[in-house]
Amino acid sequence: MNRARVLSHLLSRVPPGTPVTAVRAWLIGGARGKASAPPPPTALAAEPFLNGSSSNYVEEMYNAWLHDPKSVHQSWDTFFRNTSAGAQPGEAYMAPPSLAQPTRHHVPLSSIAPAISPAVGRTPLTDNVIDDHLAVQGIIRAYQIRGHSIAKIDPLGINTVDSSESRELVVRNYMNRFNESDMDRSFKLPMSTFVGGNEKTLPLKEIIKRLEDAYCRSIGVEFMFINSLEQCNWIRQKFESPGIMAMNQQDKRLLLARLTRSHGFEAFLARKFSSEKRFGLEGCEILIPAMKQVIDRSTSLGVESFVMGMPHRGRLNVLSNVCRKPLEHIFTQFAGLDTGDEGSGDVKYHLGTYQERLNRVTNKNIRLAIVANPSHLEAVDPVVQGKTRAEQFYHGDSEGNKVLSILLHGDAAFSGQGIVYETFHLSELPEYTTHGTIHVVVNNQIGFTTDPRMSRSSPYCTDVARVVNAPIFHVNADDPEAVMHVCNVAADWRHTFHKDVVIDLVCYRRNGHNEVDEPMFTQPLMYNRIRKLKPVIELYADKLISEGVVSAEETKEVRDRYEKILEEAFTAAKSETRVFNKHWIDSPWSGFFEGKDPLRATPTGVHEDTLTHICKRFASAPPNASDFVIHRGLQRILSSRMEMVKARTVDWAMGEAVAFGSLLKEGVHVRLSGQDVERGTFSHRHHVLHHQKVDKSQYNALANLYPDQAPYTVCNSSLSEYAVLGFELGFSMTNPNALVLWEAQFGDFNNTAQCIIDQFISSGQSKWIRQTGLVLLLPHGMEGMGPEHSSSRLERFLQMTSDDPDVLPAFSSDFAIRQLSDINWIVANCSTPGNLFHVLRRQIALPFRKPLIIMTPKSLLRHPEAKSSFDDMVEGTEFQRIIPEAGPAAKNEAGVKRLIFCSGKVYYDLAAARKEAGIEDSIAIARVEQIAPFPYDLIKQECDKYPDAELVWSQEEHKNMGAWSYIQPRIATALNHERHIVYAGRPVSASPATGNKKTHTREVKQLLEDALAL
Ligand SMILES: Cc1ncc(C[n+]2csc(CCOP(=O)(O)OP(=O)(O)O)c2C)c(N)n1
Ligand SMILES: [Mg+2]
């Protein structure tokens, strides 16, 4: 109730004759409590308006009230009670409760009086008291929401300007109510704060001091945007509770020792390899103790395995001091030695590692992996998440209690790279979540040479994390104890809520971007300031010495001891003559390669009973669930599947399903992920049936084939290619006995994941000797759907293939598998479901793992001829790298005038046109099903069969696209340049396909004419 209403109430109650000015003066002038002793009950006369006739009137009332409180109006009752309780002059009056219904925002005093009266103690309940309390609540809330904006989180003092403007932003006008004398007044603390500890009330001065300590010192906490009261309260408690940041002496000493190593490592490298790039950590040495603290704390909470991704900055230090990678291995990377094993290798600050070691603090064994990455900042994020998820999956760690991912970021990359956002959006999806990632940003307030004001539009580099309601802890990296507190809270948060959290280490970069860069060119003022700063190790050592926690001698001893370790390792490294890529592998597959013939694959054909069983299940509704209502359209699809089983044939969807099902039967986990894969973009797959009457009631036939089968995962992904493909790659790195597939909605979209394709899939084995059997399913084909739904850019995959077009490999009995072993990836364009079945199964049958890129069809999904018999899949059958001509031309070898090679769907068009033209015996058509590695042996065989035939390559794609430029030199090599092949197809083009249907039809006609014209 506002003061005006009180005034009118009182005026209406004041007897006639009372001077109105006196009453108004009492109300307004006496609104502020004065710090004096409460008046005795008899001091009624001290009320300024109690004079003349009014005082007589009041006295009468008072006497009546003393006799019977109910005999006077409630307002006088309250007035006298408050006065008796010691209210100040002018504060005893309280308006009577209104008889009217309160408006929506109007809370009657009486309704909240019981809640606040104990807190104000003897203070009477006036609107002012309530307004003051509300203002205090506002202040508390303002600190919680905006305290971070005036926290002293920047060691350079560039951004955290503690100006009155920023301060005003925090407390806004709440403080305007109070003056100096109010600072000692006590206020009841609302439920929304923990600053009181066990105290229910605190003087305003103390409330503000504690809020300043919690929110405006070295830590800036951003969390009030989180849509969970429980989570907000949890965080408030972790930062507001009195004494919560206190650290014991033992922990302080450990922290100092860790900082000593972090600092010492960089200083040692700077001394020994002064002209080498190492992307040192100077200015953020706290990163090492921070990561160790996160690991210690998480280990004590049950985590056994840590999967980490990080950029260049401080990587060598992390490898050594966090993962305990042998120092000798790191030093030899500087020595310019030859490699002693396979692989082309990578620069030292991109390499991965895998270490198992004892965590000394918790005495538990832990596993630590840093995933190798390219220079492309943040690209490793989804890969780490996929690997983490897979580890959790295969360890049955369904809540992420045992495996934790930690992602490190630079400030510029974190805000600049879109993959960060895409990865955050995977964090809560059921089949992609890692149950919370701990993000650590090395926020040195610069990116290469660019200032934050030029590199991002958001206030903080961490704002992207807000989209998933992750709390963000900004912390001054020069306050090591504050950093440790934040690390503990982050680890506890992740353990409690299984959600992402961000630690923003606000620091600086003491040197240039790398050690040979001059930062003064571009940031002169910043670097003048940096030069005046003492390294954090000195600041912290001085602090602990002054606190008496350590002596100066002890700090020197710790330093010298580590220096000795470094020197010894340096000497040992000098005697090394080679570096080994295998020392840097991030995902060792212990046991997978052991005892295997490296050039022998197991057969891919399966028993007919298996085919029948899987296909029948795939064609059926859920068994024993007659009430499961299936969509009529799907019932038709199931019936037609059953018809195919009877006819012992499969279409595309069944060929794929039986490949998956037979692997599941053999204990191989299958995971298919991508946009809308459960149904299939082209509505052909339908792996998940939805009950038409019951929400979320689903049936997945392939997950229910056999009681002891491996799990089957099929999951619609977020609308991302970059992150999801990266994720699946990471997933595939954990367990070689799993078939992991990513399907693009249309193959065209694979280029938004180009970085994963180029930097990881195509080159990963060579750079990091890390294998993957990941399969990319890329719908591809010119079907008049326009420029953007036609081409998976087959030419790019082929161009990046590592087989030499000019070298004919020696033909031998193991030719095919040797080629597969040597190449970087396999590119296939199958024309039959039977061949798809085999090529998918071959991924697991191989004694090694290779990525497989498959151009998959669209119209062939329903093409009546694109079917395979069980005969093509039973035991004894295998993948056909090329499908030779088998029709009339094959029986007329000498009479064949033309041999057309092609790949994929165009075969059916060519075959139909040939039939229509009645030239089936004079033109042979051979399908190249595995384009890379190039089946030199079979191509040669096929050409030799038709010695007089003209050789033609026919493709749907434009001449500068598709397989032509890959095929042409290789056919020449296969035939020793004695025969030549000509091109029949669309001319060159800038766009992959026309957007005009008529042009498309004309082009197809022309293509067929060119290919078949004799
Ligand atoms: C995707 C990508 N673009 C550009 C670069 C080139 N580059 C290397 S480091 C760097 C600056 C990174 O700044 P920041 O993320 O703040 O990390 P810092 O080096 O400051 O630790 C840039 C632009 C890169 N590595 N990756
Ligand atoms: Mg930076």
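Order of listing sets the numbers, starting from 1, for every ligand and every atom in it. The figures here come from the full heavy-atom set of this structure, side chains too, leaving out hydrogens, waters and symmetry mates.
Residue Gly447 has no N or O atom closer than 3.5 Å to an N or O atom of ligand 1. Considering backbone and side-chain atoms alike, Ser375 places an N or O below 3.5 Å from some N or O of ligand 1. Between Val442 and ligand 1, no N or O atom pair is found at a separation short of 3.5 Å. Of the polar atoms of Arg313, at least one N or O is found under 3.5 Å from an N or O of ligand 1, judged by distance alone.
Shown here, atom 6 (C) of ligand 1 is out of close reach of the protein: none of its heavy atoms lies under 4.0 Å off.
When Asp478, Asp154, Asn476, Asp479 are each tested for a side-chain hydrogen bond (donor to acceptor under 3.5 Å, both in side chains) with Ser218, only one passes: Asp479.
Of the protein's non-hydrogen atoms, Ala413 N, 2.9 Å is the one closest to atom 15 (O) of ligand 1. What sits closest to atom 2 (C) of ligand 1 on the protein, heavy atoms only, is Leu377 N, 3.8 Å. The shortest contact between atom 17 (O) of ligand 1 and any protein heavy atom is with Gly410 CA, 3.7 Å.
A heavy-atom separation below 4.0 Å is not found between Arg509 and ligand 1.
Judged by the 6.0 Å distance and 45° axis criteria, Lys767 is not positioned over the aromatic ring of Trp584. In this structure, Lys387 forms no cation-pi arrangement with Phe731, as its terminal cationic atom is not both closer than 6.0 Å to the ring centre and no more than 45° off the ring axis.
Contact annotation for His312 and ligand 1: only side-chain heavy atoms (C-beta onward) come within less than 4.0 Å of the ligand. Contacts of Gln417 with ligand 1, taken as heavy-atom pairs under 4.0 Å, involve the side chain alone. Residue His513 touches ligand 1 through its side chain alone, judged by heavy-atom distances below 4.0 Å.
Of the angles at the Mg ion (ligand 2), the one spanning O of Ile446 and OD1 of Asp411 is 110° when given to 10°.
The Mg ion (ligand 2) has no N, O or S atom of Arg313 under 2.8 Å away, backbone or side chain. For a distance bound of 2.8 Å, the N, O or S atoms of Gln445 include none lying that close to the Mg ion (ligand 2).
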